[in-house]
Each structure stands twice: as structure tokens, then as C-alpha cells.
K.L.:
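Dumping the structure here so I can ask a few things about it.
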Protein chains: 2
Amino acid sequence: MGTAPAISPSTPRSSILDIAVRLFGSQGYTGTSMRDIAKAFGVLPGSLYAHIDSKETLLVEIVETGINHFLEAVEPIAAAEGSAGMRLRDAIRAHIIVVTENPERSLVVFHQWRFLGDDYREAAIAKRQRYERAFIRILEDGIAEGVFDQSLNVRIAVLTILGALNWTPEWYSPKGTASPAEIGDMMANMLLRSLMFKG
Amino acid sequence: MGTAPAISPSTPRSSILDIAVRLFGSQGYTGTSMRDIAKAFGVLPGSLYAHIDSKETLLVEIVETGINHFLEAVEPIAAAEGSAGMRLRDAIRAHIIVVTENPERSLVVFHQWRFLGDDYREAAIAKRQRYERAFIRILEDGIAEGVFDQSLNVRIAVLTILGALNWTPEWYSPKGTASPAEIGDMMANMLLRSLMFKG
DNA sequence: CCTACCGATCGGTAGG
DNA sequence: CCTACCGATCGGTAGG
């Protein structure tokens, strides 16, 4: 009955995208040639174009779906019921889960969006701002609740938190001793404390 | 008497390096051509090589002197007298000053070192680890003093702090309302609190 | 998916 | 600092 659960169908196109994520993440977009991708895919360069339109199409798709993963994980948490403290903790944990489930994709999302064409780049920037607003909302709620320090500069506080979170793909290794959940908990502990009153 | 104070002599070579910092920072090393640099310098591509050896030499010099700025600012603070709390505050402020005095150079130091040749890349990684150790030392001192939470994972705490600090060139603008000193103070306030005991 | 190829651009050099 | 150029590599295409 019904259709098969079409979870990650390993089409040639999706395989090429996975390879592009890996190579764009480690060598950068401009440092990766279509010949690099073709070689890793096991095909001659011209043959790639039976499956994809262009190099930039690969970047567009990786960055857009990558940002969407973050938005889909965090926006519902920001809008949920519950204390700002709990929501911030959940948002940080969710962010770290998304980063660590594909650190190379995260590197592309964080650093390679600059190489998108104008329209796609502006769309990516708009989504990143939407993402920041989810955190701004939680912080403002927490200040209104009286649990976060009301003397905080909310913008800088959010950029400090997101900076700490967005740096994780630079050092995270699945072979490390700390699991993504543990890392998320530790960072949430620290970053929540960073917003509290002294007293 | 004596020699003139040879502060930043504007040689052709140093001008080319400044241009390379700007372009490598905004377009990346692999996304910048020697023709881009020559055009910005106002010369034809081949003429650059009267002043420099190669494209990679530019990157080596930018990354090495860039890392040295951070080390020279923070290592003396880590080794100084005084409480861990004070030293961490000073180290964070010093880091932000170094980042903001040249955000583009900071972007190159943080993200373009991957494109160095093997030997230079390993040297850069070794220096980055030395930099992390300066912060590890301060945190361990603070835990020994009993002022930082002894249940902290020191490695992850340092990477959280450095992540927040290293993200600043992504958003800092000299035209913003907060000065580098103010940004450094705010981040130091947050990050110091993040290490404290709950009680 | 391969063969064969396109024009453009790359880092860099020789000679003046 | 320019003229003139090198071989290598780039993203991408036509035709099968």
C-alpha cells in the first residue's frame, strides 16, 4: 500500500551532490574543479552534465538545503511554549546536531555562500538573518522574563552564541570522545550561563 | 640621531600584500587570480613578479604574520601575573583588538591556511595549537583557583570561546555603533560568566 | 557515459 | 614595468 518511503534515494545526482559537499567543504568552491568531482564520481568530466546543469547549481542546492536544515530545526523551538532558558538550550542542542550530522555541509553553508550569484546570495543572506532572528527572539523573551541580563546587547550576544556554534565544524570529529549531544549540552550550559545576571 | 622609525614602509611589496589580504579575504585564495591583484595594484600581471616570488608566497606571509599578531598579543597575557579571570578578560579583549584592526587579514588567517603547502600548513597548525594552549592555561589556572567551574571540559570550553571570538570578522564593521573595545568588553563579560559556578 | 573539443583563464617567464 | 608568450587547466558542449 502507498508509495515506498523515498528516503535519500541514491540517484546519480544525489551522489554527485554528496561529493560536491565533501570537496567544496575541504577545498572550497573555487578550489574545486568539475574534474575533481568527476574523478571522485568515477566518470569523465563531460559526463557530469548528464546529471547536473552547472557547477553553480551544485552550490545553490547545497547551501539552500543546508540552511533549511538549520531553520527547520530551530524556528519551531524559538516559537514554542516554554521558558526562554529551555528554548535556548533546545535551540543550541538542535544547532549542534545539525552541524555534526554533516560538518562538511555546514562548512559550505557557513563559508561558501559568498560564491553564489547575486540573487541566490541575497536569498541566502535573508535566510541567515531569519535564523538570527529566531535567536534574537529567544533572548528578548528571556530578558522580558527577567532571567537574562537586561543590560545585554542582544545583537552581539546572539552573534557571540552563533559564533561559538558555527565554529564547531572546524574542530568536531565523529571520532572524538564527546558525542554531538554531549557537546550540545556543554555548550548550552556555558552559553546559558553567559546570559545570566551576576547575582 | 639613529635611524628613522621604519613603521610600515609603503614599499610596492607591502602594497601588494595589502591588496592580497583584501582579495584573499573577500574572494578566497583560490578565487583570487594574480590578474586580480595586478589590476588592483595598477600594473600588468607579469609585472607583479618583480616584487614577489609567487602567489603562495603572498599567502604564506599573510598567514604567518597574521598568526604572529595573535600570539604576540595573547601569550604574554597568559603568562602574566594576576588572577585567571583578569587574564582571560585581557586575552579576549586583546584578541578582539587584533581581529578588528584588520578583519580581512583575520579571515585569511582563519580560513585560507588550508591552501598553504604541506610544510607551511603544518607550521600554521602548530602555531594555532600554541595559541589554544595559551587559553587552556588560563582556564586551568582558573579552575585550580576555584573560580572557574571544575566540571568544565577545558578543550570544549576553549573552542567555544575561540569560536565566538573567531566569528567576529564575519560581522564586525568599523561603521557599527560598538567600538572594538566595547565589543571586547561585552564578549569578555559573557564568556567569563560562561565559566563560572552556578551558585 | 565517452570522444573530442571550444574559448577563456590560470600562474608564471624571457627579454627588453 | 611592458610586450609577448608558455603549457596547463578551467567550465562546459556537440555528437554519438
Side-chain angles (χ1 to χ4, degrees), chain A residues 9-64 104 108 111-121 124, chain B residues 9-64 104 108 111-121 124:
Chain A
S10 184
T11 62
R13 189 161 198 283
S14 71
S15 300
I16 292 168
L17 277 163
D18 288 343
I19 291 164
V21 164
R22 225 174 53 225
L23 294 177
F24 292 172
S26 57
Q27 310 173 8
Y29 176 73
T30 56
T32 301
S33 69
M34 295 307 279
R35 282 159 177 83
D36 292 335
I37 295 171
K39 193 172 184 180
F41 188 56
V43 99
L44 291 178
S47 304
L48 285 177
Y49 294 88
H51 306 289
I52 57 147
D53 287 338
S54 68
K55 189 185 180 188
E56 205 204 342
T57 299
L58 293 174
L59 184 62
V60 168
E61 187 148 331
I62 294 165
V63 171
E64 281 194 347
E104 280 144 332
V108 178
H111 299 299
Q112 305 302 313
W113 58 266
R114 296 169 196 271
F115 303 107
L116 290 169
D118 290 353
D119 289 356
Y120 290 113
R121 190 177 60 249
Chain B
S10 185
T11 62
R13 190 161 197 282
S14 72
S15 299
I16 292 168
L17 276 164
D18 287 344
I19 290 164
V21 164
R22 226 175 52 225
L23 294 176
F24 292 172
S26 57
Q27 311 171 10
Y29 176 72
T30 56
T32 301
S33 69
M34 295 307 279
R35 282 159 178 82
D36 293 334
I37 295 171
K39 193 173 184 180
F41 188 56
V43 99
L44 291 178
S47 305
L48 286 177
Y49 294 89
H51 306 288
I52 58 147
D53 287 338
S54 69
K55 189 185 179 188
E56 205 204 342
T57 298
L58 293 174
L59 184 62
V60 169
E61 187 149 330
I62 294 165
V63 171
E64 282 195 346
E104 280 143 332
V108 178
H111 299 300
Q112 304 303 313
W113 58 267
R114 296 168 195 271
F115 302 106
L116 291 169
D118 290 353
D119 289 356
Y120 290 113
R121 189 177 61 250

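Everything numeric in this text was worked out from a predicted model, so none of it was measured. Chain letters run A, B, ... following the sequence lines, proteins first and then strands; every chain starts at 1.
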K.L.:
Could you tell me how far apart A:Tyr29 (OH) and D:dG11 (P) are, to the nearest whole angstrom?
P.N.:
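Those two atoms, OH and P, are 8 Å apart.
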K.L.:
Grab the CG-P distance between B:Leu23 and C:dC10 for me, whole Å please.
P.N.:
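After rounding, the gap between these two atoms is 12 Å.
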K.L.:
Determine whether a donor-acceptor pair (N or O, by modelled atom type, separation under 3.5 Å) exists between the side chain of B:Glu61 and the backbone of B:Leu17.
P.N.:
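Checking the backbone N and O of B:Leu17 against the side chain of B:Glu61, no donor-acceptor pair under 3.5 Å is found.
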K.L.:
Considering Watson-Crick and G-U wobble pairs with both distances under 3.5 Å, what does D:dG16 pair with?
P.N.:
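Because both required distances fall under 3.5 Å, D:dG16 counts as paired with C:dC1.
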K.L.:
Looking at B:Asp36 and B:Lys39, does any basic side-chain N land under 4.0 Å from a carboxylate oxygen?
P.N.:
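Result for this pair is no, no salt bridge flagged.
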K.L.:
Distance from A:Leu58 atom CG to A:Ile19 atom CD1, nearest 0.5 Å?
P.N.:
10.0 Å
K.L.:
Choosing from C:dC2, D:dC1, D:dC10, which nucleotide comes nearest the side chain of A:Ser33?
P.N.:
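The listed nucleotide nearest to A:Ser33's side chain is D:dC10.
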K.L.:
Looking at C:dC1, D:dG12, C:dG11, which one has an atom nearest to any side-chain atom of A:Met34?
P.N.:
D:dG12
K.L.:
Rounded to whole Å, how long is the line connecting atom CG of A:Leu58 with atom P of D:dG11?
P.N.:
11 Å
K.L.:
Please determine, for C:dA8, whether a Watson-Crick or G-U wobble partner exists with both distances under 3.5 Å, and give it or none.
P.N.:
D:dT9
K.L.:
For B:Ile52 and C:dG11, what is the distance between atoms CD1 and C1' respectively, to the nearest whole Å?
P.N.:
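Taking atom C1' of C:dG11 as the reference, CD1 of B:Ile52 is at 10 Å.
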K.L.:
Rounded to the nearest 0.5 Å, what's the gap from CZ on B:Phe115 to OG1 on A:Thr30? Could you check?
P.N.:
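Interatomic distance, B:Phe115 CZ to A:Thr30 OG1, rounded to 0.5 Å: 6.0 Å.
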K.L.:
To the nearest Å, how far apart are B:Leu48 CG and C:dG11 P?
P.N.:
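B:Leu48 atom CG is separated from C:dG11 atom P by 10 Å.
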K.L.:
Does B:Gly42 or A:Ser54 map to a spot on DNA chain D nearer the 5' end, using the closest nucleotide for each?
P.N.:
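This one resolves to B:Gly42.
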K.L.:
Hey, which sits more toward the 5' end of DNA chain C by its nearest nucleotide, B:Tyr49 or A:Pro45?
P.N.:
A:Pro45
K.L.:
Any idea which of C:dC2, D:dT13, C:dG11 is nearest the A:Leu44 side chain?
P.N.:
C:dC2
K.L.:
Nearest to the side chain of B:Val43 - D:dC1, D:dT3, C:dG12?
P.N.:
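Selected nucleotide (nearest to the side chain): D:dC1.
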K.L.:
Measuring from the side chain of A:Phe41 (C-beta onward, heavy atoms only), which nucleotide among C:dG11, D:dC2, C:dC1 has the closest atom?
P.N.:
C:dC1
K.L.:
Looking at the side chain of B:Ala50, which of C:dG11, D:dC1, D:dG11 is the nearest nucleotide?
P.N.:
D:dC1
K.L.:
By the 4.0 Å heavy-atom rule, please label B:Thr32 as base, sugar-phosphate, or nothing.
P.N.:
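Here B:Thr32 touches the backbone only, sparing every base.
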K.L.:
Take the protein atom CZ of A:Arg35 and the nucleotide atom P of D:dG11, then report the distance between them rounded to whole Å.
P.N.:
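Interatomic distance, CZ of A:Arg35 to P of D:dG11: 7 Å.
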K.L.:
Base, sugar-phosphate or nothing for B:Thr57? Non-hydrogen atoms, less than 4.0 Å.
P.N.:
nothing
K.L.:
Whole angstroms only, please: what is the CG-P distance between A:Leu59 and D:dG11?
P.N.:
13 Å
K.L.:
Write down the distance between NZ (A:Lys39) and C1' (D:dC10), rounded to a whole number of angstrom.
P.N.:
16 Å
K.L.:
What are the two closest heavy atoms between A:Leu116 and A:Glu56, and how far apart are they?
P.N.:
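So the two residues come closest at C-OE2, 3.7 Å.
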